Amino acid sequence: MADLPILQFEETIMKAVEENTVVVIIGETGSGKSTQLSQILHRRGYTKSGIVGVTQPRRVAAVSVARRVSQELGVRLGDEVGYAIRFEDRTSERTRIKYLTDGVLLRESLSNPELDQYSVVILDEAHERSLNTDILLGLMKRLVKRRASNFKVLITSATLDGEKVSQFFSECPVVRVPGKLFPVEIMYSHERPISYLESSLATALEIHMKEGEGDVLIFMTGQDDIDKLVSKLEDRVRSLEEGSCMDAIILPLHGSLQPEMQVRVFGPRPPNCRRFIVATNIAETSLTVDGVVYVIDSGYVKQRQYNPSTGMYSLDVVQISKVQANQRAGRAGRTRPGKCYRLYPSAVYEDEFLDVTIPEIQRSSLAGSVLYLKSLDLPDIDILKFDFLDSPSRKIVFFFRCVSSLFRHTFIAYNRLHPIAFAAAESLQDALKQLYLIDAIDENGLITRIGKTMAELPLEPSLSRTLMEANEHGCLSQALTVAAMLSAETTLLPGRSKNTEKKRKHDYLDLPDGSGWGDHIQLLQIYECWHQTNYDIDWCKDYQLQVRGMKFVKDVRRQLSQIMQKIARGPLDVQTSRRWKESQQDYHNLRRALCVGYANQLAERMVYHNGYRTLGFKPQVVQVHPSSVLKPDDEGKLPDYVVYQELIATSRPYLRTVCAVNIAWVTPILDKVNKININKLSGGIGRIEEHTEENMSDLPKTENVVAAVPDDHESKIQAARERFLARKGKK
DNA sequence: GAGCACTGC
């Protein structure tokens, strides 16, 4: 501990912290920033006036770092040092240093927007740019102005990103702390490989024959490639075995592996043996494998992206960023000097790779984030309560300045660099439309009472809305189950291991089938069956349902029930139905609640075939995913209208997880779609900011331009916003 | 009749 680099910088850091409200710390891997920054602040008295909170993007990190710090300070975990993650709060009144996931801190700021129990907030690993961290960055920017006298923010980031974060916080100081990594020699390919699978294979074999002891970590993009490479490696290594003096163990490592299999990667390594770990980017940050000396980096990663104009998700293989490439290389230098083989030329790294990864906030639907921001006690709501502050219109300007600066921060830098980065305006408009259709905001873009309640639920807005509607119509218990099942769905079904395939098909017949209404209903029925068995673990195993996943569903369901009981007025029925057979009606109310909640995700069947056309977005022809339990009726037809959980483009655009709904429920929603006025919904973001730029009398003229040339207007707003923000920044 | 990168409340 004493030789951690960060301790030599204690004076520098503390001087910067004392003289500034915000400080960026660039701390490379092994600098000790995660464990030491909080302790330094504790020693310097910053825990006397409040808690030092340290956010982490991942649960395991929050827990393990808290445990470590409590050991170093010689206190019991949960006393002076504690942690808070979903489903688990190990803090007490005595807690002075608190590690928490960034999601938990966001939830806390919902009930306490000033975060006044904290004297310091440290946003750790900010360069990872998780959606939650990005929103926290925006909130901190606002908070440091309001609590400048008794609040400090420290942000840790990677080298390439630190300057930008500093700019975001009005050029706050940057302190650089070196890491304790061993040097890693970087080797580039001369050309781009034709097949990075073959290229990885060749490189791995070369290392095995020519290089000394040490494990090899190979980054691939997905399970299929991992499986292929593992089997090829096994073949080739075996044929080499006589010529090599070392044995080889080849291990896959990815998120869908059972935890027992993942453990093999971390177990003790037999002597005179080399392990090849073929991994996804799970090994980039989430899991650390000891003993790795060689890294093979394909330069690619699989990323999920959202297109706000079509409402469609896709899973694409894209080039990594420089930050990611360096992070991967760093995995070779943890225990001793290592080597990193990049399967691409250095010119590609220099010229094509983005400096930093496109942040999640730019690749996701913003409906949840916008609703969350609107629900905070920021000035666009409950204006009467805050009379002592600025006038209402000024408040709205302020709100959108916070929001737009937050989104600016993440959008503008990348738009010209990367085709998949969508414009902030488009993404925000999509979010506003979605929120309007599910009654979370009114036609002026102001949050409604329903929306306010929705934001309290840790769910995507559509599911929150479904719960609220279900509560009105006596099917909350069922909706809670569906919401919980959907929160974990991908982890429920068994993996693709071949020997279970046959067995599963057989058992699958015995599982409920949704009674012809679709996948949501099937999920409900599965959970109710499990409930009937008194949550029997063996029952899950019999039906090949992931035990961990089902337990998670139970936890989520309990948490949602508690929140609903807290926020909803009147009596609630949150008990799981005890007589599920009797509830096998047509699920009328539940399906209607889903229709209301997913008003922005409806599809209409085509007249002559079973394809669907999406409603609400730019219409698209899509198919129900073959994995759906929804089957054509006796006439060979699927339901006329469905709600869908997800629209995803794989080999074709598919609706995944669908439920039949009635046309009578759909019609009023379509009326609403037709009446959408995006300018009003935007709450005059552009208009208000243009007021500050130009004369009031210019306004009608500008609005005419909107109708005629939207793009031009958009760029004008953008320009006005830039000038506005620049001027504000100088003050 | 297809396929699932990784997190998190």
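Numbered from 1 within each chain, the chains take letters A, B, ... in sequence-line order. Being a predicted model, the structure only gives us computed values, none of them experimental.
- Side-chain atoms of Ser286(A) lie closest to dC6(B) of the nucleotides dC6(B), dA2(B), dG8(B).
- Between Phe87(A) and Phe552(A), the two ring planes are perpendicular [angle over 60°; tilted spans 30° to 60°].
- Between Arg331(A) and Thr288(A), some side-chain heavy-atom pair lies under the 4.5 Å cut-off.
- Put simply, Arg656(A) has a side-chain N or O that comes within less than 4.0 Å of OP1 or OP2 on dC4(B).
- A tilted orientation is assigned to the rings of Tyr313(A) and Tyr306(A), their planes being inclined by 30° to 60°.
- A straight line from CG of Asp102(A) to C1' of dT7(B) spans 9 Å, rounded to a whole angstrom.
- Between Val642(A) and Cys659(A), the closest side-chain pair of non-hydrogen atoms is not below 4.5 Å.
- Rounded to a whole Å, the CD atom of Glu125(A) is 14 Å from the P atom of dT7(B).
- Phosphate proximity of dC9(B) to Ser487(A): absent, as no side-chain N or O sits under 4.0 Å from OP1 or OP2.
- Residue Asn281(A) is in sugar-phosphate contact alone, with no base atom involved, counting any heavy-atom pair closer than 4.0 Å across all strands shown.
- Between the CZ atom of Arg328(A) and the C1' atom of dA5(B) there is a distance of 10 Å, rounded to whole Å.
- Side-chain contact of Arg86(A) with Thr101(A): a donor-acceptor pair under 3.5 Å is absent, judged by distance alone.
- Straight-line distance from the CG atom of Leu287(A) to the C1' atom of dT7(B): 12 Å, rounded to whole Å.
- Look at Thr280(A) and you'll find a side-chain N or O under 4.0 angstrom from OP1 or OP2 of dC6(B).
- Listed candidates were dC9(B), dC6(B), dC4(B). Nearest to the side chain of Leu315(A) is dC4(B).
- Between Ser627(A) and dA2(B) there is no side-chain N or O to OP1 or OP2 distance below 4.0 Å.
- With rounding to whole Å, Leu253(A) atom CG is found 13 Å from dA5(B) atom C1'.
- Val301(A) comes within 4.0 angstrom of nothing in the nucleic acid, heavy atoms only.
- Between the CG atom of Leu655(A) and the P atom of dA2(B) there is a distance of 15 Å, given to the nearest Å.
- Among the protein residues, Arg58(A) comes within range of the sugar-phosphate backbone only, with heavy atoms under 4.0 Å from sugar or phosphate atoms but none that close to a base.
- Looking at heavy-atom distances under 4.0 Å, Ser130(A) makes no contact with the nucleic acid at all.
- Using a 4.0 Å heavy-atom criterion, one finds that Ile85(A) contacts the sugar-phosphate atoms exclusively.
- Mapping Gly103(A) and Arg304(A) onto DNA chain B by nearest heavy atom places Arg304(A) at the nucleotide closer to the 5' end.
- Closest approach to the Pro626(A) side chain among dG1(B), dC4(B), dC9(B) is made by dG1(B) (side chain taken as heavy atoms from C-beta onward).
- Atom CD of Gln223(A) and atom C1' of dG3(B) are 9 Å apart (whole Å).
- Proximity note for Glu360(A) (side chain, C-beta onward) versus dA2(B), dC9(B), dT7(B): the nearest is dT7(B).
- Side-chain N/O atoms of Thr285(A) include none lying less than 4.0 angstrom from OP1 or OP2 on dT7(B).
- Look at OH on Tyr313(A): it is 14 Å from C1' on dC6(B), rounded to the nearest Å.
- Side-chain atoms of Thr221(A) and Tyr196(A) form a donor-acceptor pair, as typed in the model, at a separation below 3.5 Å.
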